[in-house]
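Here is the structure we will look at, set down as C-alpha cells.
Chain letters run A, B, ... following the sequence lines, proteins first, then strands; residues in each count from 1.
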Number of protein chains: 2
Amino acid sequence: MAWQPGIVHPLPMSSDLPPEIGPADAAPTLSAVAKRAGVSSITVSRVVRLPDLVAPETRARVERAMRELGYVPNLVAGALASARTNSVGVLVPTIANSIFADTVQGLSDTLEPRGFSVILAQSRYDAAREDRMLAALLSRRPEAIIMVGSPATEEGGRLLRNARIPIVETWELPPAPIDAVAGFDNYKAGVAVAKHLVAQGRKRLAFIGGDDPRATRRWSGFRDEILASGLAEPRRLILERNATGSVVAHARLPDVDAVFAANDAHAIGFMAGLRSAGLLRDGPASAQPVAVIGLGDLEMGRLISPTLSTISVHGDAIGRTAATLTLERGGERRVDLGFELVLRDSG
Amino acid sequence: MAWQPGIVHPLPMSSDLPPEIGPADAAPTLSAVAKRAGVSSITVSRVVRLPDLVAPETRARVERAMRELGYVPNLVAGALASARTNSVGVLVPTIANSIFADTVQGLSDTLEPRGFSVILAQSRYDAAREDRMLAALLSRRPEAIIMVGSPATEEGGRLLRNARIPIVETWELPPAPIDAVAGFDNYKAGVAVAKHLVAQGRKRLAFIGGDDPRATRRWSGFRDEILASGLAEPRRLILERNATGSVVAHARLPDVDAVFAANDAHAIGFMAGLRSAGLLRDGPASAQPVAVIGLGDLEMGRLISPTLSTISVHGDAIGRTAATLTLERGGERRVDLGFELVLRDSG
DNA sequence: TGACCTTATGTTAGCGCTAACATAGCGTCA
DNA sequence: TGACGCTATGTTAGCGCTAACATAAGGTCA
C-alpha cells in the first residue's frame with residue numbers, strides 16, 4: 001500500500017526543540033527513533049507505513065519516540081529504497097489566469113488524499129522549455145506524467161516513451177497518444193461553434209486566440225465547417241496570451257459579425273473592445289451586432305453583461321480523470337470528456 | 001553549484017529503445033553509462049553536474065554513452081547522497097479561479113530556471129488538511145517552504161520551525177513570522193477602501209467574502225476605519241468561495257450603498273446581482289447607487305462594464321519575492337510589496 | 001631537481017530507508 | 001507431540017547517487 005500521509009501525519013510533537021540525541025542540527029532518522037524505542041529500525045518503518053503489522057504496545061512505544069524526537073519520515077530515502085516516489089509530474093503551459101488551473105486543482109484533489117505529491121512545471125508554450133521541464137520532471141522519477149497536450153518535439157515524446165510510466169495527455173484527443181488521454185475534441189468544438197453561428201445567420205466570421213496546437217485544432221474545425229456551409233473563409237487573428245490584447249482586436253476585424261475566441265478571457269476582452277465601439281447590447285444574442293463565443297466557461301462569463309456564450313469543457317473533470325488514469329492501469333485509456341456549447345447572451 | 005537541468009538536459013537520444021545492457025526494463029544508471037564509456041561512475045556524475053572538471057574528450061565519450069543509453073539522471077538518489085533535493089514546497093489554499101495562481105506562476109518562473117522543482121499542495125482552507133500537507137511536503141525534504149498565510153495550527157508552526165529550512169509566509173505580514181515574509185498589509189487595505197468610500201459620501205457599508213485570516217484582517221481594517229469616521233458598524237456577509245454565491249448577496253444587504261468584496265470574483269458576482277436589481281450603471285463611480293470595490297485586480301476587472309475598482313496586490317511579485325527569499329539567505333527577511341487602490345467605474 | 005602546484009580521474013563509504021528473507025514464540029489440531 | 005500456520009520482530013543487503021579523500025601525470029619554479 002502507498003504511504004498515506006493522512007493516516008500517519010502529523011504527529012503532535014512534545015516540544016519545539018526535540019531533546020538532542022545525535023548532532024545538534026541533523027534531523028532524526030528512523031534508527032534514532034528505533035534506538036530510543038528499543039526496537040529495530042524496520043519496526044519503526046512498519047509503524048509509519050504498515051502499522052497493522054506491529055503489536056499495539058510496540059507501536060505505542062515507537063510513536064512516543066517519534067513524537068519526542070519530532071521525527072519526520074524521509075521520503076527521499078524511502079523512494080530510493082522502494083523505487084516508488086509517490087509523486088506525479090504535471091506539466092501545463094501556464095497556471096496563472098488560466099483554464100488549466102481547474103485541471104491542476106482536480107488533479108491534486110484526487111492525488112493528494114492518496115499520498116501522491118504533485119510536482120508542477122510550466123512550459124510557457126515554449127517547446128525547448130517543455131523538453132527541459134520534462135527531463136527535469138523525469139529525473140525526479142515520478143510515478144506518472146500528466147501534461148496538457150502532447151509533447152511539442154520528437155525528443156519530448158522519446159523522453160516520455162522511454163520513461164515507461166503512465167503518461168496522460170489532456171485537453172486533446174491525439175490520434176496516436178503515448179499512453180492515456182483525458183480530453184475533448186477541439187476540432188469538433190470549432191465545428192460546433194461554426195454550425196451555431198452559421199445557423200444564426202452570421203456571415204462574416206473570425207477566430208481570435210493563440211496558435212498553440214489546441215487553438216489551432218479549434219480553428220481548423222471552425223474554418224472547415226464554415227467553408228463547408230458555403231461561406232467565405234473566416235479570418236484568423238493570432239493574439240498575445242493576455243486578454244488585454246484582444247480588446248483592440250476589433251479594430252483589425254472591422255466588419256465581422258461573429259467571433260469565436262479560443263478562450264473566455266479573449267472573448268471577454270474582445271467584448272470590451274466591442275463595447276467601446278458601441279457594438280455590444282445587454283439584450284439576447286439575436287440583438288448583438290457581433291456574436292461572441294468563448295471557450296472554457298469561466299465563472300465570470302455567467303456574471304458579466306451580456307452573459308458569455310461559450311464552449312464548456314469540464315477542466316476539473318479532465319484533471320480528476322487524468323489522475324485516475326495514472327493510478328489505475330488497465331481499462332479504457334482514452335477518455336473523451338466532451339464539451340457543451342452553452343448559449344447565453346453574447347452570441 | 002546546483003544541478004542545472006537547463007544546461008544538461010535533455011540529451012537527444014539515438015533511438016526509441018536504447019540497446020539493452022542490463023535487465024530489459026531497468027532504467028540505465030550512472031554506472032551503466034560509466035561502464036559503456038570506460039570511466040568510473042564519479043566521472044559520469046561530474047559530466048552531469050560539473051562538466052568543467054572533465055576533459056573534453058572524456059566528456060564527449062561519456063555524453064555519447066548517455067545518449068546511446070537514454071540515460072536520465074536519478075535525482076532521488078542524488079538528493080539522498082547530497083542532502084539537497086533542489087525542490088521547494090508550495091502550499092496554497094487553492095489554485096483554481098484564484099489570485100494565488102499568479103503567485104505560483106511567479107514562484108515557479110523564478111525557481112525553475114535555477115533547477116528547483118515546485119511541489120504543490122492545496123489546503124483548501126482546511127487546517128487539518130494544511131497540517132497533513134505540510135507534513136507530506138516536509139517528508140520530501142524540500143529546500144524551503146513557501147505558503148500563503150501562516151500555519152493555521154500550533155502544530156503546523158512547530159513542524160515548520162523544526163524543519164530548519166527557509167519558510168516564507170506570503171499574502172500577509174504576520175507580526176511574528178516563522179522566518180521570511182513577502183506580502184502586504186491586509187488591514188491597511190481594508191482601511192484604504194473604507195477611507196475612500198467614506199470620502200465618497202457612502203453611509204451604509206458592507207463587507208462580503210470569506211472568513212479566512214486574510215479576509216478577516218481586511219474586514220478589521222475596513223470596520224475600524226468606518227467606526228473611526230463616525231459611521232454605523234458595517235455589515236459583514238460571509239460567503240462561499242465561489243463568486244456565484246455573491247450574486248444573491250445583495251438580497252441580504254438590502255439598503256447598502258457601498259460594498260468591499262474580499263476578492264474580485266466576489267465583487268464581480270455582487271455586481272451581477274446589482275445589475276439584475278437595476279442598481280448598476282455604466283457610468284462612473286459617482287453614478288453608482290452601490291459602490292463596489294474588489295481586491296486582486298484580475299485582468300477581467302478592467303474588461304467588464306462598469307470597470308471594477310479594486311485593491312491591486314501584485315500576486316506575481318509576491319511569488320517572485322518569495323522565491324528569492326528562499327534562495328538567498330541573509331538580507332531583509334520581511335518584504336512588504338504593498339497594494340494600490342485602483343479606482344475605476346464601480347466605486 | 002625536487003617540492004609544490006594543477007588537472008583529470010578514481011576509490012571508498014555512506015546518505016536513510018525498504019525488500020526480501022530469516023527467526024522466534026505461540027496456539028492449533030489431528 | 002510435532003508439523004504447521006500465524007504473528008511479531010529482526011538481519012542483511014542494497015537502492016543510485018555524491019562527498020571526501022586519494023592518486024597519477026604533467027607543469028612550474030627557484
Using a heavy-atom cut-off of 4.0 Å across all strands, would you classify [X] as base, sugar-phosphate, or nothing?
{"X": "A/A55", "result": "sugar-phosphate"}
{"X": "A/V76", "result": "nothing"}
{"X": "A/T58", "result": "sugar-phosphate"}

Can you list the residues that meet the side chain to side chain donor-acceptor pair (under 3.5 Å) rule with [X], with sequence neighbours excluded?
{"X": "A/T324", "value": "none"}
{"X": "B/T110", "value": "none"}
{"X": "A/S117", "value": "B/R140"}
{"X": "A/T103", "value": "A/W171"}

For A/R46, give me all partners under salt bridge (Lys or Arg N to Asp or Glu O under 4.0 Å), at least two apart in sequence or on another chain. none
Check this for me: A/R129, atom CZ, are more than 12 non-hydrogen atoms of other residues, nucleotides or ligands nearer than 6.0 Å? yes
Here the helical stems involving DNA chain C, each at least 3 consecutive Watson-Crick or G-U pairs closer than 3.5 Å, sorted by first residue number, are C:1-30 with D:1-30
Only distances under 3.5 Å count here; give the side-chain donor-acceptor pairs of residues 51-58 of chain B to other protein atoms, sequence neighbours excluded, each with its distance to 0.1 Å.
none

I need the full list of side chain to side chain donor-acceptor pair (under 3.5 Å) pairs touching residues 143-153 of chain A, with sequence neighbours left out, sorted by first then second residue. A/D131-A/T153, A/S150-A/E169
Starting at the 5' end of DNA chain C and moving along, which residue's nearest nucleotide shows up first, B/R141 or A/R46? B/R141
Nucleotide range of DNA chain C lying under 4.0 Å from chain A heavy atoms: C/dG16 to C/dA19
